[in-house]
There are 2 protein chains.
Amino acid sequence: MSGKKNSLTVADVAREAKVSKATAARVLGEYGIASEGARKAVLEAAERLGYQPNDLARSMSTGRSGLVGVIVGDIENAFFSQAVRGISDTLRAAGLNLIISNSSEQLSEEIEMVSVLLRQRVAGLIVAPTDARHVDHLKAALAAGTPVVTLDRHAPQLGADAVCGEDRQSVGRVLRRLQEEGHRHVAYVTAMKTRDGKLGRLEEIGISAVRERISGFLTQMREAGVEDPADLVFVGATGDDETTAVVTRILKRSPTITAILASDSLICARVFRELSDRGLTLPQDMTLVSWFDADWSRVTTPRISVVDQPTYQFGQKAAERLIARLKGDASPPRVYVIPTPLLERGTIGPAKTE
Amino acid sequence: MSGKKNSLTVADVAREAKVSKATAARVLGEYGIASEGARKAVLEAAERLGYQPNDLARSMSTGRSGLVGVIVGDIENAFFSQAVRGISDTLRAAGLNLIISNSSEQLSEEIEMVSVLLRQRVAGLIVAPTDARHVDHLKAALAAGTPVVTLDRHAPQLGADAVCGEDRQSVGRVLRRLQEEGHRHVAYVTAMKTRDGKLGRLEEIGISAVRERISGFLTQMREAGVEDPADLVFVGATGDDETTAVVTRILKRSPTITAILASDSLICARVFRELSDRGLTLPQDMTLVSWFDADWSRVTTPRISVVDQPTYQFGQKAAERLIARLKGDASPPRVYVIPTPLLERGTIGPAKTE
DNA sequence: TTGTACGCGTTATCAG
DNA sequence: CTGATAACGCGTACAA
């Protein structure tokens, strides 16, 4: 209807340069051999006519496309947009482009997006899988010869490279540090939703990073002698109101609970605001630690202590792995763990003793 | 080399369904007519075999691709990532996907990216042009039949739809409000770089939104009787150190300067932190207003007053316009202005009188 | 070194 | 309604 692309083809250039289509294709496609004379003639003709190669047709011929599909949970979240930047920069340096998609952390959308991307015949896929237990669509991609790298999450059954943070270790590290300060009852707040609003079985947590962290949380808390640590995991902090409700529930259990762990920067922002609104002073009245070093972590008073997840690097590494696979690396899939150190700033204080 | 995609074709499905390739293509491509019987046979065969259409080949045949190219200044910036989300959601609802690119606000990269996207034969382009004076590459795309919509910025010579905020008006609105509070000397801080670190001629500012805002700033300040308002525009706040330096220069002119306007949320964060570090209290010691309502604007004490740029809507509108053009809308190009109201929170106070 | 001719997977035309 | 068959633009054996 609308697309009346009058784009020129190699044939047009060939005619103008008075050589065969094949010769023109060879110099324009930078493959095969051509005499210096033919070469110049073609290049000049192309320049004169303003020829633009058609990568669509090229991909169809060669079977490979210069496009990589990226599926993240939410591009609006700085965690992912930073990772995408890392991916983008690395990919571009290798002459690849990226198609980006949002799964909204919903399996159905992720499946749909994988299908769309596969139809576009992307060269590879970088995905933050929403549910490590349902990766058949990714496995199918892999089987069909499209390399896959998972970002921030790991799906063991998938058999793909994965780039992750130190989810399990970091939570242990943070808790031990807090325990040094005398904290025993620490709340973990996550956006994850469950049917009944209670933490269910760990195996039912689809996002591996979330599962690892909660699992590590429970282990470390038990080790420290807390009898029922599952009671300290608060789920469903998905929006402003929900987070407010969670904070209310936490404060009802104050002064037993003396510290809060926010599983991402959005949650942390809401918790922080809620605490301030209620007149609490940090870290005297409450200790707060978050995952991800958001750009605002150092503009609050006090500054937020965070587990630094360098997601730009996550993205970089994931792209590097994908490129390696694209180049034929057939080594067994590996998990690449990016260090996520605790950046201690102003929101960690001694536990408030009664 | 690596791409051994063994994907099935319509021919395979046709064989399995015992019909001709043409018939299979018709039902799979959902065009033309086919009998109910043939239809079922083909669909079942496709299901059984696990056929996945090849959108590359489809695009090559039809001439149109379901891909839209998006070029932003920096995907890491929440301003743009939010806009991208709006674009993505709207596009997807229309069955389109997006290829995203970063220009890093550099003309050369923008030109390169446009070229790459055009080679991919994208259906259309949504661009935040880095330099309104150099848009020949975009004009060429337009001329070749690829619709273009500019995001957040306007390039009059281009002749494309544009979606912008009320840059000029919002700065006037903010200044009048501050003037009510007795502020006369207001500093405007921007990341824009100039050769000599001084504000040059307005026509030399490439990013239209920046130009409009500074132009409005100068006008409104002059109207209020400030003799040399160009001295109040501080450029080059590109990073942490640079912004620190700017704040130092501003404070040297305190108490003459009683208020600061930050042209984006990154700058605002740095300015805010710098002011706090120096022990200043807002809004008593300084008034601060920023553009863009970042997610952290309400976690500081006091909360930041901002000019709210709903960039998700920017993106939505831009995508809508592009879709309309794709559908054949040939009306003259228009500028769509999205309201950007001042959200007054805690950082506006009366001017500190000596 | 250059040119011919065919294939990639679709869509689309045009007889049957 | 259906089935050959020709595009689409480019890569590439194979032959000249």
Side-chain angles (χ1 to χ4, degrees), chain A residues 1 3-43 45-46 49-66 118-123 144-145, chain B residues 1 3-42 45-46 49-67 118-123 144-145:
Chain A
M1 311 277 114
K4 183 61 159 296
K5 316 283 171 143
N6 52 333
S7 48
L8 302 161
T9 77
V10 281
D12 298 317
V13 177
R15 201 175 308 121
E16 174 82 6
K18 294 184 195 307
V19 297
S20 79
K21 207 167 58 172
T23 306
R26 275 191 276 260
V27 359
L28 292 173
E30 297 178 335
Y31 62 92
I33 329 169
S35 69
E36 207 41 49
R39 184 180 181 66
K40 252 191 68 177
V42 171
L43 257 22
L49 265 39
Y51 167 77
Q52 290 277 99
N54 183 334
D55 278 352
L56 238 59
R58 183 170 294 180
S59 302
M60 227 190 61
S61 286
T62 59
R64 60 176 149 268
S65 89
L118 249 28
R119 283 207 287 266
Q120 299 283 352
R121 295 299 186 267
V122 291
Chain B
M1 307 277 111
K4 184 63 159 296
K5 316 284 174 139
N6 53 335
S7 49
L8 303 160
T9 76
V10 283
D12 298 314
V13 177
R15 200 176 309 120
E16 173 82 6
K18 296 186 193 305
V19 297
S20 78
K21 201 168 66 170
T23 306
R26 273 191 279 260
V27 357
L28 291 173
E30 298 180 332
Y31 64 95
I33 330 171
S35 68
E36 208 39 50
R39 185 181 181 64
K40 251 192 70 178
V42 171
L49 266 39
Y51 166 77
Q52 289 279 96
N54 183 333
D55 279 352
L56 236 62
R58 183 171 293 180
S59 301
M60 224 189 64
S61 272
T62 59
R64 61 176 147 267
S65 88
L67 260 31
L118 249 27
R119 284 206 288 266
Q120 299 283 353
R121 295 300 188 265
V122 292

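Owing to the predicted nature of the structure, the values given are computational and were not obtained by experimental measurement. Values below: every heavy atom of this structure, side chains too, minus hydrogens, waters and symmetry copies. In what follows, every chain begins at residue 1, and chains take the letters A, B, ... in the order their sequences are listed.
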Return the value, rounded to whole Å, for the distance between atom [atom1] of [X] and atom [atom2] of [N].
X	N	atom1	atom2	value
B/R15	D/dT2	CZ	P	19 Å
A/Q120	C/dC8	CD	P	21 Å
A/Q52	D/dC8	CD	P	20 Å
A/E30	D/dC10	CD	P	14 Å
A/R39	C/dT1	CZ	C1'	14 Å
B/I33	D/dC1	CD1	P	6 Å
A/R58	D/dT12	CZ	P	10 Å
A/M60	C/dG9	CE	P	7 Å

Verdict with reasoning, A/R15 to A/D12, per side-chain contact (heavy atoms from CB on, under 4.5 Å):
CA-CA 5 Å; A/R15 201 175 308 121; A/D12 298 317; 3.3 Å; yes
Reckon B/A11 touches a base, only the sugar-phosphate, or nothing at all at heavy-atom distances under 4.0 Å?
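Touches nothing.
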Closest to the [X] side chain: [options]?
X	options	value
B/T9	D/dG3, C/dG9, C/dT2	C/dG9
A/Y31	C/dT4, D/dG11, D/dA4	D/dG11
B/S61	C/dT11, D/dT2, D/dC10	C/dT11
B/R26	D/dG11, D/dG3, D/dG9	D/dG3
A/N54	D/dT5, D/dG9, C/dT2	D/dG9
B/A57	C/dA12, C/dG9, D/dA4	C/dG9

Working note: A/T9 + A/N54, criterion side-chain contact (heavy atoms from CB on, under 4.5 Å); need CA distance, chi angles, decisive distance, verdict.
CA-CA 8 Å; A/T9 77; A/N54 183 334; over 6 Å; no
Once rounded to the nearest 0.5 Å, what's the spacing between atom CZ of A/R26 and atom OG of A/S20?
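The OG atom of A/S20 is 6.0 Å from CZ of A/R26, to the nearest 0.5 Å.
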Rounded to the nearest 0.5 Å, what separation is found between the CG atom of A/L56 and the OG atom of A/S7?
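One finds 10.0 Å between CG of A/L56 and OG of A/S7.
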Should B/L67 and B/Q120 be marked as a side-chain contact (heavy atoms from CB on, under 4.5 Å) after you check the CA-CA gap, both sets of side-chain angles, and the distance that decides it?
CA-CA 9 Å; B/L67 260 31; B/Q120 299 283 353; 5.7 Å; no
Hey, does the side chain of B/S20 come within less than 4.0 Å of D/dA4's phosphate (OP1/OP2), counting only N and O?
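The answer is no; no side-chain N or O of B/S20 sits under 4.0 Å from OP1 or OP2.
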